[in-house]
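Written out below as structure tokens is the structure these notes cover.
Not measured: the values here are computed from a predicted model. Values below: every heavy atom of this structure, side chains too, minus hydrogens, waters and symmetry copies.
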Number of protein chains: 2
Amino acid sequence: MTVADDIRAKGMRMTVQRRLVLDALRRARHHITAEEIARSIRASYPQIDPSTVYRNLEALERLGYVTHTHLDDRVTRWRRADSPQHGHLVCRRCGSEEEISMSVLAPLAKRLKGEHGFSADLAHSAVVGLCRECAG
Amino acid sequence: MTVADDIRAKGMRMTVQRRLVLDALRRARHHITAEEIARSIRASYPQIDPSTVYRNLEALERLGYVTHTHLDDRVTRWRRADSPQHGHLVCRRCGSEEEISMSVLAPLAKRLKGEHGFSADLAHSAVVGLCRECAG
DNA sequence: AAGACTATCGCAACTTACCGCAATAGTGTC
DNA sequence: GACACTATTGCGGTAAGTTGCGATAGTCTT
Ligand SMILES: [Mn+2]
Ligand SMILES: [Mn+2]
Ligand SMILES: [Zn+2]
Ligand SMILES: [Zn+2]
């Protein structure tokens, strides 16, 4: 079953704008912001409205095709749900970003599940702190 | 040395607005939003501007008197830096919040320090996921 | 191919947060 | 207490994101 068929099977519609959002996410090599998606779409479809991009990202997230993460305080970043998951370390002083394997975060997830019955999504928010250089 | 003296010693000024922000944080029992602080101040000082509240929170954070955390996606919550630190588990389905001891998060912090030289602030962002009831 | 149904769109207004700027008001000195 | 210095204020504007609404356009049926 194609993505379009799945979307239609759930009573939703495969609009040109929705397909363009999916295409932009497929082209992206890493997490991108909604504004970057909008800009990328405007090259071939100038009339796209930012709210259409936001609403489509939310709809596609509900269907399980995309997810978002938070690297810094303000901006939300999006990626295809089938792209490899990983954590982030972000320095609050110099802004440097480092990707880390989920295996580093797994023991905490396991403990939260065991002690609190909580299924944690530890890739959702970056871990903030001070990098080696900034901590001194 | 009082807070006011410390602020003056650093070349800053103890304005009525700054004192009102500190008072609002002292009255608060738990983390509060900038908007809640502004509303609380407006009761006795209606002309306060939201930007003044934000700027004072940032200034007081630089001085080490307050800190902020992120519980859900968008809202920033503030508290006095001398109030006890703790982590949060937030359910993305039902919105329930649970406080957890920093000792649960400490092993991950230690590992990030050892393997990546990164001094993590694991209380800064809540851990999002699904609570026991919502995970099923 | 045409028609009905309604999900989705573009637009405008709104929200939280941030920033530049001229006016205001704390501060230390006299 | 008055004065000069300048940190901070209130205001207006900007950015990211959300929401209400009337118009548009996918989709299913015939
Ligand atoms: Mn933050
Ligand atoms: Mn989020
Ligand atoms: Zn750094
Ligand atoms: Zn829940």
Protein-nucleotide distance ([X], atom [atom1]; [N], atom [atom2]), rounded to Å:
X       : N      : atom1 : atom2 : value
B/Arg77 : C/dT16 : CZ    : P     : 12 Å
A/Leu57 : C/dT8  : CG    : P     : 14 Å
B/Arg19 : C/dG26 : CZ    : P     : 10 Å
B/Arg18 : D/dG10 : CZ    : P     : 12 Å
A/Asn56 : D/dG17 : CG    : P     : 15 Å
B/Met12 : C/dG26 : CE    : P     : 15 Å
B/Glu35 : C/dC18 : CD    : C1'   : 15 Å
A/Leu71 : D/dA16 : CG    : C1'   : 16 Å

Give one of base, sugar-phosphate or nothing for B/Gln47, where a contact means two heavy atoms less than 4.0 Å apart.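 It contacts sugar-phosphate atoms only.
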Would you mind classifying the nucleic acid contact of A/Arg55 as base, sugar-phosphate or nothing, using non-hydrogen atoms under 4.0 angstrom? base
Could you walk me through whether A/Asp23 and A/Arg27 pass salt bridge (Lys or Arg N to Asp or Glu O under 4.0 Å), step by step? CA-CA 6 Å; A/Asp23 289 347; A/Arg27 279 195 304 275; 5.3 Å; no
B/Gln17/B/Ile48 under side chain to side chain contact (heavy atoms under 4.5 Å, CB included): CA gap, chis, key distance, verdict: CA-CA 7 Å; B/Gln17 294 90 338; B/Ile48 190 93; 3.6 Å; yes
Pair A/Arg132 + A/Glu98, salt bridge at N-O below 4.0 Å: no
Side-chain N,O ([X]) to OP1/OP2 ([N]) below 4.0 Å:
X       : N      : value
B/Gln17 : D/dG10 : yes
A/Arg13 : C/dT6  : no
A/Tyr54 : D/dG17 : yes
B/Ser51 : C/dA17 : no
A/Thr52 : C/dG10 : yes

Apply side-chain hydrogen bond (donor to acceptor under 3.5 Å, both in side chains) to the pair A/His88 and A/His31, showing each step before the final yes or no. CA-CA 12 Å; A/His88 291 94; A/His31 334 68; 3.3 Å; yes
Both A/Asp49 and B/Thr33 contact DNA chain C. Taking the nearest nucleotide for each, which residue is further toward the 5' end? A/Asp49
Nearest-nucleotide 5' precedence on DNA chain C, A/Gly11 against B/Arg8: A/Gly11
Which label fits B/His68 and B/Trp78: parallel for a plane angle under 30°, tilted from 30 to 60°, or perpendicular past 60°?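 Taking B/Trp78 first and then B/His68, their aromatic rings sit tilted (interplane angle of 30° to 60°).
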